[in-house]
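Numbered from 1 within each chain, the chains take letters A, B, ... in sequence-line order. The shown structure was predicted, so the numbers you read here are calculated from the model rather than taken from an experiment.
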2 protein chains.
Amino acid sequence: MLVGAMNTTRSGRPALTRPDGTALRVLVVDDDLDLAEVLTGALRYEGWEVRAAGDGASAVAAAHELLPDAVVLDVMLPDTDGFAVLRRLHEVKPDVCVLFLTARDAVEDRIAGITAGGDDYVTKPFSLEEVVARLRGLLRRAGMARQLEEGPRLTVGDLVMDEEAREVTRAGELIELSPTEFELLRFLMRNPRRVLSKAQILDRVWSYDFGGRAHVVELYISYLRKKMDAGREPMIHTVRGSGYVLKPVSR
Amino acid sequence: MLVGAMNTTRSGRPALTRPDGTALRVLVVDDDLDLAEVLTGALRYEGWEVRAAGDGASAVAAAHELLPDAVVLDVMLPDTDGFAVLRRLHEVKPDVCVLFLTARDAVEDRIAGITAGGDDYVTKPFSLEEVVARLRGLLRRAGMARQLEEGPRLTVGDLVMDEEAREVTRAGELIELSPTEFELLRFLMRNPRRVLSKAQILDRVWSYDFGGRAHVVELYISYLRKKMDAGREPMIHTVRGSGYVLKPVSR
DNA sequence: CGAAGTTCTCAGGGACCTCTGAGCGAGCCT
DNA sequence: AGGCTCGCTCAGAGGTCCCTGAGAACTTCG
């Protein structure tokens, strides 16, 4: 397979790109360097151009250089608060999308209003899948992202996921999923025909501070199978010793 | 699907545009920078071109550059009062629409006199849904807005809302709603088939200074259900862990 | 000034979700 | 085949999320 001519993610999936076909630019702002590192890696994996900053001042400086399409912004920063940074960022680039990171307890507090513009937020601890999904949603709605293949729906064989309505159907039949089941399936559907290890799944779908064991993944795969593969040709396959694959039914 | 060619809101809804198809231009004038930021974000989210100014002098200057179709104008400004600014604005652009922001106990007489010309006002603290709705109404009545799709009524399945008459019917049957219930339903109807989190709903429907808990949203959803879903196929669905969706009944 | 309506707080209870533990079966190796 | 590892599933504890009734504070209106 030839890549290089086309904008692709490191995972081989087609990337969301800017209208001119270049990579989307994202700025990550968090004073927790480990977390910033993880986020940066995950977003690069999506095929985006990423820069990181550790405080409000360097965030504004970086924004001047990068002119990012989106910013992932920790509300609690050492030097300034989210509102101030947001204002400065909007001065630099008025149409930038913002995804806020916030502690769970702070939600009721000050976030109300910040996100009112159509921006979004996730509460710590979050899963990488969630951050990526929210960011994709923001960029898509902002019209900054040009779709190469996928629409707001994810499709694998007769399995269809509407991320906005949080609805999943198989062969037209509605499948009800719990939040964790939904995120697990989303991760699988975004990586069809690819074996995903239990460790990979844990890293992506579960919160970064989850200490649990791989057994949970087996359990949730089991739940998913019961709900979507029951009485049908199975789409989720076990690769013993390696992990799981989601495949459209072969014919 | 290609976006960008067409004028759409960041929410994906079709936008109100100027007769020539370009984005409507709005000027926000308020010395509370946080509030101005929130308003700016919310109006951009509607697909409009927005600029902000913090005092009367810079408002007039910005108006010269932007030539706005509408102005959101705080009556209390640090340098001059709103009425003086209004006169200057009318010199710059005689047909501009004005939405006043005013404290609840402000002298309603003078406001009434000014708004008699067709302009409108909202009292602080307000909800973003209300500001957006008033502004849409103003622009529509002034003939500045070209309708792309929606008229003054919103329709989801057999549920119909006439925004101007403040009337809601389901299957032709009139449903009486309190002001808050009405705004909540309006927000839901403007985002059908889309899961809205309680935080999002709070941000849009409740006043920006409302410190209450997400619990209120549950309560009002409960009220709405009692009034519009009672004895019928339900249209409001709970998505546990995520929020609520409004969906037309069949499929 | 009383009555009706509206908004919000509080608390109980129920439904659902997540994860643990254990038993069992299936595959793999020698 | 036997023994081992790996994966599947059941059952259930504990926790979280959500719904709803009751009522207090406030506003509006007659």
Side-chain angles (χ1 to χ4, degrees), chain A residues 104-105 107-108 112 123 125-127 129-130 166 168 175-185 188 195-202 205-207 209-231 234-245, chain B residues 103-105 108 123 125-127 129-130 166 168 175-185 195-202 205-230 234-245:
Chain A
R104 184 167 294 277
D105 312 340
V107 179
E108 321 284 357
T123 58
F126 46 76
S127 74
E129 267 306 287
E130 190 172 0
R166 260 192 130 72
V168 177
I175 297 172
E176 310 228 355
L177 299 176
S178 79
T180 306
E181 289 160 4
F182 184 87
E183 283 223 356
L184 171 57
L185 183 57
L188 295 179
V195 178
L196 301 167
S197 73
K198 279 179 254 190
Q200 270 179 307
I201 295 175
L202 268 182
V205 176
W206 269 260
S207 311
D209 68 346
F210 178 70
R213 280 194 269 95
H215 179 63
V216 205
V217 178
E218 297 170 16
L219 185 61
Y220 271 86
I221 288 285
S222 159
Y223 290 157
L224 271 189
R225 290 213 251 237
K226 209 180 296 177
K227 291 188 178 180
M228 54 171 270
D229 280 352
M235 293 183 66
I236 300 178
H237 304 271
T238 304
V239 181
R240 204 181 163 77
S242 300
Y244 300 94
V245 212
Chain B
R104 183 164 298 278
D105 42 1
E108 304 245 339
T123 58
F126 45 77
S127 74
E129 272 302 290
E130 188 173 1
R166 287 209 146 232
V168 177
I175 296 172
E176 309 229 353
L177 299 176
S178 78
T180 307
E181 289 161 3
F182 183 86
E183 285 220 357
L184 171 57
L185 183 57
V195 176
L196 302 167
S197 72
K198 278 178 260 190
Q200 271 178 304
I201 295 174
L202 269 181
V205 177
W206 269 260
S207 311
Y208 54 83
D209 69 345
F210 178 71
R213 309 213 157 280
H215 186 69
V216 200
V217 178
E218 297 170 18
L219 186 63
Y220 272 85
I221 288 284
S222 162
Y223 291 158
L224 271 188
R225 279 178 169 148
K226 217 177 290 179
K227 291 188 177 179
M228 55 171 271
D229 279 352
M235 292 183 66
I236 300 177
H237 305 269
T238 303
V239 182
R240 195 164 226 270
S242 299
Y244 300 94
V245 214

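When rounded to the nearest whole Å, the span between CG of L219(B) and C1' of dT7(C) equals 8 Å. What separates CZ of R225(B) from P of dG21(D) is a distance of 13 Å, to the nearest Å. In this structure, I201(A) places its CD1 atom 17 Å from C1' of dT18(C), rounding to the nearest Å.
Side-chain atoms of Y223(A) lie closest to dG12(D) of the nucleotides dC19(D), dT9(D), dG12(D). Checking dT7(C), dC8(D), dC17(C) against every side-chain atom of P179(B), the shortest atom distance belongs to dT7(C).
If you check every strand for non-hydrogen atoms under 4.0 Å, I221(B) touches nothing. F182(B) comes within 4.0 angstrom of no nucleic acid atom, judged by non-hydrogen atoms across all strands.
Contact between E181(A) and E176(A) at its shortest, heavy atoms only, is OE1-O, 4.3 Å.
Put simply, T238(B) has a side-chain N or O that comes within less than 4.0 Å of OP1 or OP2 on dC19(D). Dashed line: the shortest gap from a side-chain N or O of K198(A) to OP1 or OP2 of dG7(D) is under 4.0 Å. Look at S178(A) and you'll find a side-chain N or O under 4.0 angstrom from OP1 or OP2 of dT18(C).
An end-to-end axis angle of 30° holds for the helix from dC1(C)-dG30(D) to dT30(C)-dA1(D), taken from five base pairs per end and rounded to 10°.
Along DNA chain C, the nucleotide nearest to R240(B) and the one nearest to Y220(B) differ in position, and the one closer to the 5' end is contacted by Y220(B).
The CD1 atom of I221(A) sits 5.0 Å away from atom CG of L188(A), with the distance rounded to the nearest 0.5 Å.
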